[in-house]
Trainee: 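Before we start, here is the structure in question, set down as structure tokens.
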Protein chains: 2
Amino acid sequence: MSARHTPVRLADVQDEDCPTREVLDRVGDKWSVLVIVLLGERTHRFSELHRAIDGISQRMLTLTVRALERDGLVSRTVHASVPPRVDYRLTDLGRSLLAPLEALNAWAVEHRGDIQAARDEHDRRSG
Amino acid sequence: MSARHTPVRLADVQDEDCPTREVLDRVGDKWSVLVIVLLGERTHRFSELHRAIDGISQRMLTLTVRALERDGLVSRTVHASVPPRVDYRLTDLGRSLLAPLEALNAWAVEHRGDIQAARDEHDRRSG
DNA sequence: CCGTATCCCAGCTGATACTG
DNA sequence: CAGTATCAGCTGGGATACGG
């Protein structure tokens with residue numbers, strides 16, 4: 001992965017179908033990453049996701065998993081039982097997204113102090 | 001970078017000060033990544049960014065660079081000249097973010113076809 | 001249990017006009 | 001040139017109620 005260097009090109013980001021824009025539109029929302037990370041650990045049923053993600057509404061969880069399913073990142077399995085049971089898990093495609101997300105996470109962990117310091121300093125000067 | 005593995009932990013994502021959430025809140029908006037990538041190539045003045053980023057309003061460009069500056073990712077240099085000139089460039093912190101963004105970009109480039117295919121297939125079934 | 005349907009509001013964003 | 005100020009529209013997302 002580190003052998004070839006794939007720089008972000010100017011032409012890419014200006015284009016409206018810029019790949020980075022696409023992925024950010026997909027996971028840059030409020031809940032998608034949380035769902036992906038949870039499903040990266042193991043399969044979850046709907047109610048498990050609902051309980052695990054603090055503050056999400058049933059509506060938004062539905063919309064989020066539906067969008068992820070539409071994009072082929074998550075698969076949905078309905079078990080014909082009483083009471084009904086629906087399992088969600090990552091597809092191979094979804095699992096492949098975990099690596100770049102972890103890279104972002106690693107950056108955040110490493111630099112969150114720097115950001116906080118810069119912000120504190122900025123706010124101190126600006127009042 | 002690939003030596004140590006930094007998995008995204010469940011405890012992280014549920015916490016409201018989850019590092020990944022933080023960074024997504026920062027660059028997950030409509031314009032921040034575009035500005036960062038452009039400044040990753042070279043210093044830009046305000047009007048250059050404005051022209052380079054198709055569709056951004058003056059107001060949103062101002063808000064975006066201000067937020068990035070506040071977080072220490074971008075530095076702003078005012079030249080006392082007539083007409084006035086303001087240069088924006090990445091800080092070291094901002095430059096360090098380019099790598100994970102490129103990882104995300106690489107993923108997007110590699111898998112955009114898969115996503116499109118999944119979406120087409122899904123829409124075909126759903127009508 | 002797993003959703004869908006409806007209503008509604010906050011805030012993000014663009015458009016426009018104005019200023020140092 | 002590089003912003004700031006103000007207004008208005010749209011959309012994301014929560015609350016609630018209902019259905020399979």
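Letters A, B, ... are given to chains in the order of the sequence lines, protein chains preceding strands, and every chain is numbered from 1. Scope of the values below: all heavy atoms of this structure, side chains included, with no hydrogens, waters or symmetry mates.
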Trainee: OP1 or OP2 of D:dA2 versus the side-chain N and O atoms of B:Ser47: is any pair under 4.0 Å?
Mentor: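 Yes, such a contact exists.
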Trainee: Are the side chains of A:Thr20 and B:Leu34 in contact, using a 4.5 Å heavy-atom criterion?
Mentor: no
Trainee: Do the side chains of B:Glu48 and B:Thr43 get nearer than 4.5 Å, heavy atoms only?
Mentor: no
Trainee: Quick one: B:Phe46 CZ to C:dG20 C1', roughly how many Å, whole number?
Mentor: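 From B:Phe46 CZ to C:dG20 C1': 15 Å.
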Trainee: Write down the distance between CG (A:Leu49) and P (C:dC2), rounded to a whole number of angstrom.
Mentor: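 Nearest whole value for this atom pair: 10 Å.
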Trainee: Side-chain contact test, heavy atoms from C-beta onward, threshold under 4.5 Å: evaluate it for A:Leu98 versus A:Leu90 and give yes or no.
Mentor: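 Heavy-atom side-chain distance check passes, below 4.5 Å.
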Trainee: State, with a plain yes or no, whether a side-chain heavy atom of B:Ile115 is found less than 4.5 Å away from one of A:Val23.
Mentor: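 They are not in side-chain contact.
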Trainee: Can you measure B:His44 atom NE2 to D:dG3 atom C1' for me and round it to whole angstrom units?
Mentor: 19 Å
Trainee: Applying the side chain to side chain donor-acceptor pair (under 3.5 Å) criterion to B:Asp71, which one of A:His111, A:Gln116, A:Arg119 satisfies it?
Mentor: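 Only one of A:His111, A:Gln116, A:Arg119 forms a side chain to side chain donor-acceptor pair (under 3.5 Å) with B:Asp71, namely A:Arg119.
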Trainee: Where along nucleotides 9-16 of chain C does protein come under 4.0 Å, by heavy atom, of base (B) or sugar-phosphate alone (S), with - for untouched nucleotides?
Mentor: ----BBB-
Trainee: Using a strict 4.0 Å threshold on nitrogen-to-oxygen distance, state whether B:Asp120 and B:Arg124 make a salt bridge.
Mentor: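 No, B:Asp120 and B:Arg124 are not salt-bridged.
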Trainee: Specify the separation, in whole Å, of atom CG of A:Leu61 and atom C1' of D:dG13.
Mentor: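 So the two atoms are 13 Å apart, to the nearest Å.
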Trainee: To the nearest 0.5 angstrom, please state how far the OH atom of B:Tyr88 sits from the CZ atom of B:Arg42.
Mentor: 15.0 Å
Trainee: Considering only heavy atoms, which members of residues 71-91 of chain B lie under 4.0 Å from some atom of DNA chain C?
Mentor: B:Pro84
Trainee: Among B:Val35, B:Leu49, B:Val86, exactly one meets side-chain contact (heavy atoms from CB on, under 4.5 Å) together with B:His44. Which residue is that?
Mentor: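 With B:His44 as partner, B:Val35, B:Leu49, B:Val86 yield a single side-chain contact (heavy atoms from CB on, under 4.5 Å), made by B:Leu49.
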